[in-house]
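The chains referred to below are lettered A, B, ... by the order of the sequence lines, with proteins before strands, and numbering in each begins at 1.
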Amino acid sequence: MELPEVEVMRRDLERDVVGKKIKDVEVKGSKNAMRVIRRHKTRKDFAAGLAGHKVMKTERRGKYVLLSLDGGEVWVVHFGMSGRFTRANGRIALAPHTHVIVTFQQGGDLRFVDPRSFGEMFVASTDELGKVKELQHIAIDPLDQVFTWPTFQYLLAQRATKMKQLMMDQKFISGLGNIYSDEVLFAAGIRYDRMSDSLSSQEVRRLYRAIQEILQDAIKARGTTLEDEAYLDLFGKPGEYQNELKVYGREGLPCRRCRTPIRTVKVQQRTSYFCPQCQS
DNA sequence: GTTTAACCCTGCACGC
DNA sequence: TGCGTGCAGGGTTAAA
């Protein structure tokens, strides 16, 4: 799940979960359920941080969602590749790989389902939060006010890395993953292996604009759900942005702009899609 | 500093 | 049909 999907999930939670009081927390007995709450030594320790508290607000930092609770604790969630929240109630059977079930005083529950268990969640006080390494490493958020194009240009020039991996580096810019980094580079006409310190001002501006437009459009379309329906929103609905993808998943198909077949290359063990004609 | 590979986990498509 | 392989929206770590 990348920034748009995380943001859609956050907005759903903001609308549906804020104001609700947590009555009960259940962490399943599987090894993977323990993996999901890996920062906590015991189920009890995790559950104690949530039970009895009301969800006050939500925010997003990169690919993390933070739910603030009354009493000052923060519930931090990262979805990994296959994690998601789903709203349900006691009458609905548990989906496979449900690891955590949070029941609300007002009725209904919130379930964390994650087949691959790369996701994680923990509860921390506001003080502790400042010491969490992963959160400290979160870099500039592309939808934040402070993400301006001169700043972006400066940051790019500071590094000497290939663009694809830099766009996916959460310590450089937080929120893009394999899909959206390909889409953004295509939109800007920049190839995966261009060096970050070689971009012209014009290219930086194009890339900057592409990042903002594509992420905003993807949020409007409620995210990307590939055919295996791995990503679903809080209410189990797929997104629509897969219909807008220009290069991702289109190996061998004609480029939508110039008809040249889309090619792939391995970057950091991930498949990267690009148009050999439109990107240079 | 940057790059590479292995690893964490399950499910699915594909080729033999 | 069954089985092995490789791949999937994430990230970390160690070593080169």
Name each donor-acceptor pair under 3.5 Å that joins a side chain in residues 113-123 of chain A to protein atoms two or more places apart or in another chain, with its distance.
residue	atom	partner	partner atom	Å
A:Asp114	OD1	A:Ser82	OG	2.5
A:Asp114	OD1	A:Gly83	N	3.3
A:Asp114	OD1	A:Arg116	N	3.4
A:Asp114	OD1	A:Ser117	N	3.1
A:Asp114	OD2	A:Phe118	N	3.4
A:Asp114	OD2	A:Gly119	N	2.8
A:Ser117	OG	A:Asn32	OD1	3.3
A:Ser117	OG	A:Arg35	NE	3.2
A:Glu120	OE1	A:Arg39	NE	3.3

State the dot-bracket string of DNA chain B. Criteria: Watson-Crick or G-U wobble, both atom distances under 3.5 angstrom; notation: ( ) intrastrand, [ ] crossing earlier pairs, | interstrand, . unpaired.
-> .|||||||.|||||||

Does the gap between the ring centers of A:Phe152 and A:Phe147 come in under 6.0 Å?
-> yes

For [N] and [X] - does any side-chain N or O of the residue sit under 4.0 Å from the phosphate oxygens OP1/OP2?
X: A:Lys63; N: C:dG10; value: yes
X: A:Lys31; N: B:dT10; value: no
X: A:Arg35; N: B:dC8; value: no
X: A:Lys133; N: C:dT12; value: no
X: A:His97; N: B:dG11; value: yes
X: A:Asn178; N: C:dA8; value: no

Please tabulate, for the side chains in residues 64-78 of chain A, all donor-acceptor contacts under 3.5 angstrom to protein atoms that are two or more places apart in sequence or on a different chain.
residue	atom	partner	partner atom	Å
A:Asp70	OD1	A:His53	ND1	3.1
A:Asp70	OD1	A:Lys54	N	2.8
A:His78	ND1	A:Gly80	N	3.0

Can you see whether [X] engages [Y] through a side-chain donor-acceptor pair at a distance of less than 3.5 angstrom?
X: A:Ser201; Y: A:Arg205; result: no
X: A:Tyr180; Y: A:Glu5; result: yes
X: A:Ser272; Y: A:Asp182; result: yes

So which one's nearest nucleotide on DNA chain B is more toward 5', A:Met195 or A:Pro115?
-> A:Met195

What interatomic distance, in whole Å, is found between [atom1] of [M] and the corresponding atom of [N]?
N: C:dA8; M: B:dT3; atom1: C1'; answer: 23 Å
N: C:dT1; M: B:dT10; atom1: C1'; answer: 22 Å
N: C:dC3; M: B:dC8; atom1: C1'; answer: 24 Å

Out of [options], which has the shortest distance to the side chain of [X]?
X: A:Met81; options: C:dG11, B:dT3, C:dA8; result: C:dA8
X: A:Arg116; options: B:dT10, C:dG10, C:dC7; result: B:dT10
X: A:Glu2; options: B:dT3, C:dG10, B:dC9; result: C:dG10
X: A:Lys266; options: C:dC7, B:dT3, C:dT12; result: C:dC7
X: A:Gln268; options: B:dT10, C:dA8, B:dT4; result: B:dT4
X: A:Thr161; options: C:dC7, B:dA6, B:dT3; result: B:dT3

How is [X] classified with respect to the nucleic acid when contacts are heavy atoms under 4.0 Å: base, sugar-phosphate, or nothing?
X: A:Gln170; value: sugar-phosphate
X: A:Ser82; value: nothing
X: A:Asp114; value: nothing

Rounded distance in Å - CG (A:Leu226) to P (C:dA8) | 11 Å

Within the modelled atom types, does a donor on one side and an acceptor on the other bring the side chain of A:Gln269 and the base of B:dA6 under 3.5 Å apart?
-> yes

Above 12 or not: heavy atoms from other molecules or residues under 6.0 Å from CZ of A:Phe235?
-> yes

Going from CG on A:Leu207 to CD on A:Gln153, what distance comes out if it is rounded to the nearest 0.5 angstrom?
-> 11.0 Å

